[in-house]
Colleague: 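Handing you this structure, nothing more for now.
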Amino acid sequence: MTPISSIKTTSSNASGRPPMDDLAPETAPLLRRLATRAMGMTGADIERIVRHARLTARREKRPLRYEDIEAGLRDHRPTLPYDVRWRYAIHEAGHAVVHQALGLGDVTGLTIDAQDGGYNMLRFSGGTMETLAWYENMMAMIMAGRAAELLLLKSASTGSAGADHSDLAKATDLGLAMETKLGFAGVRPLLYLSHTVPAEVLISDGDLADRVHARIETGLELATEVIKLNRPPMDALVRALFDAQALDGQAVMAILRRSYDGMSDKIAFDKR
């Protein structure tokens, strides 16, 4: 166990690197793990957990350890049933695998331990031309959690729907933008059409709704194909996420890298 008082950090970040890169080698992995496990929590939640961890350490007359805070983060979450935890792991791993396979950027964290279920942190590569292919890949990444559930469990949960921040809400917004604002419409692509209430225009314009739905279906199909072509990495990430409940970006990439290295025939997916 590592007492917090024994960990050294550097005080400057003049290199321009992310602050965590300037920490002592033994410190950064611990902080990444804690940060990943805390995804979705409020500042008040974390403050309360740290305060309780300090009181525990004080009662036991020992230094505060990172393990104390990690235990507090774990205890803050309700225990999930086995099947729910498994589904969350499949859903979030699907997003990560498709995001990485299509070259959209890095995975910086995954958790199935968030207050409202699974959670992912994805970074998008800078300097990428936002072409039709890029937006289609984005749609696939958004739909990848649902695709993973359908492929591995033969059913989809409401985890990808039911709220304004859900996967289906994001996919609908993106599909509508592709058909009305971004110049990729199947009909009159040169028009820029802004809608104050998107749901109303989709309800009133059946043809537009069909085109948006077709965009989403295409994204779901692409995500399914990517996951099929990347099953060994997908399966390895699901198992690791199920066991650990939270993985930082370095852990995710190490798991994917090991899985790809172990494949006898690597499949190079066309990133279009």
Side-chain angles (χ1 to χ4, degrees), residues 82-112 114 117-125 128 132-161 166-172 174-175 213-249 251-272:
Y82 180 94
D83 58 335
V84 174
R85 191 166 137 202
W86 192 250
R87 186 177 288 274
Y88 283 173
I90 288 170
H91 187 103
E92 299 307 330
H95 284 301
V97 166
V98 172
H99 184 82
Q100 197 275 333
L102 293 178
L104 291 172
D106 298 328
V107 180
T108 59
L110 297 175
T111 183
I112 54 173
Y119 199 87
N120 61 68
M121 292 177 64
L122 307 175
R123 181 181 297 132
F124 293 89
S125 301
T128 303
L132 174 59
W134 187 88
Y135 279 102
E136 288 174 340
N137 288 345
M138 275 286 296
M139 182 69 80
M141 184 277 296
I142 293 170
M143 296 302 297
R146 188 180 184 90
E149 290 187 44
L150 289 170
L151 184 62
L152 276 67
L153 298 174
K154 309 304 180 187
S155 65
S157 69
T158 57
S160 61
S166 67
D167 294 340
L168 289 188
K170 293 174 183 175
T172 301
L174 178 58
H213 191 266
R215 295 277 188 191
I216 299 172
E217 282 188 319
T218 299
L220 183 65
E221 291 167 3
L222 176 57
T224 302
E225 186 64 20
V226 173
I227 294 171
K228 285 181 178 178
L229 293 176
N230 290 272
R231 275 303 296 271
M234 175 70 186
D235 292 344
L237 186 56
V238 169
R239 170 54 66 184
L241 184 56
F242 177 86
D243 290 340
Q245 298 185 61
L247 297 169
D248 64 48
V252 171
M253 295 312 299
I255 292 163
L256 295 179
R257 200 173 297 114
R258 284 197 303 271
S259 300
Y260 283 122
D261 289 344
M263 292 171 66
S264 57
D265 295 309
K266 289 185 181 180
I267 301 173
F269 190 83
D270 180 8
K271 297 178 183 177
R272 305 193 298 165

Colleague: Give the C-alpha distance, both sets of side-chain angles, the deciding distance and a yes or no for side-chain contact (heavy atoms from CB on, under 4.5 Å) between Leu256 and Val252.
Modeller: CA-CA 6 Å; Leu256 295 179; Val252 171; 4.1 Å; yes
Colleague: Applying side-chain hydrogen bond (donor to acceptor under 3.5 Å, both in side chains) to Asp167 and His95, what does each step give before you reach the verdict?
Modeller: CA-CA 10 Å; Asp167 294 340; His95 284 301; 3.1 Å; yes
Colleague: Counting C-beta onward and ignoring hydrogens, is there a side-chain heavy-atom pair between Arg239 and Asp243 closer than 4.5 Å?
Modeller: yes
Colleague: To check you understand the geometry: which heavy-atom pair defines the closest contact between Ala223 and Val98, and what is its length?
Modeller: O-CG2, 4.0 Å
Colleague: Sequence neighbours left out, what passes ring-ring contact (aromatic ring centres under 6.0 Å, His included) with Phe242? Give chain and number order.
Modeller: Tyr82, Trp86
Colleague: Working note: Phe124 + Met138, criterion side-chain contact (heavy atoms from CB on, under 4.5 Å); need CA distance, chi angles, decisive distance, verdict.
Modeller: CA-CA 10 Å; Phe124 293 89; Met138 275 286 296; 3.2 Å; yes
Colleague: Can you tell whether the side chains of Asp83 and Arg87 come within less than 4.0 Å, N to carboxylate O?
Modeller: no
Colleague: So among His91, Glu92, His99, which one has a side chain to side chain donor-acceptor pair (under 3.5 Å) with Asn120?
Modeller: Glu92
Colleague: For Ala93, check side chain to side chain contact (heavy atoms under 4.5 Å, CB included) against everything at least two apart and list the hits.
Modeller: Met234, Leu237, Val238
Colleague: Check side chain to side chain contact (heavy atoms under 4.5 Å, CB included) between Ile216 and all other residues, then give those that pass, not counting sequence neighbours.
Modeller: Met139, Met143, Ala171, Thr172, Val212
Colleague: Rounded to the nearest 0.5 Å, what's the gap from CG on Leu110 to OH on Tyr88? Could you check?
Modeller: 15.0 Å
Colleague: What distance do Glu225 atom CD and Leu151 atom CG have between them, rounded to the nearest 0.5 Å?
Modeller: 10.0 Å
Colleague: When rounded to the nearest 0.5 angstrom, what distance separates CZ in Arg257 from CD in Gln100?
Modeller: 8.5 Å
Colleague: Side-chain contact, heavy-atom cut-off 4.5 Å: Leu104 with Asn137?
Modeller: yes
Colleague: Find the distance between CD1 (Ile142) and CG (Leu220) and round it off to the nearest 0.5 Å.
Modeller: 12.0 Å
Colleague: Who are the side chain to side chain contact (heavy atoms under 4.5 Å, CB included) partners of Asp235, not counting sequence neighbours?
Modeller: Leu152, Arg231
Colleague: If you look at every heavy atom in Ser259 and Ala236, which pair is closest and at what distance?
Modeller: OG-CB, 3.1 Å
Colleague: Among all residues two or more places apart in sequence or in another chain, which pass the side chain to side chain contact (heavy atoms under 4.5 Å, CB included) test with Ala240?
Modeller: Leu247, Ile255
Colleague: Looking at Glu149 and Ser157, would you say the former's side chain and the latter's main chain have a donor-acceptor pair under 3.5 Å?
Modeller: yes
Colleague: In Å and rounded to the nearest 0.5 Å, what is the CG to CD1 distance from Leu241 to Ile112?
Modeller: 4.5 Å
Colleague: For Arg146, what residues pass the salt bridge (charged side-chain N to carboxylate O under 4.0 Å, His left out) criterion, not counting sequence neighbours?
Modeller: none
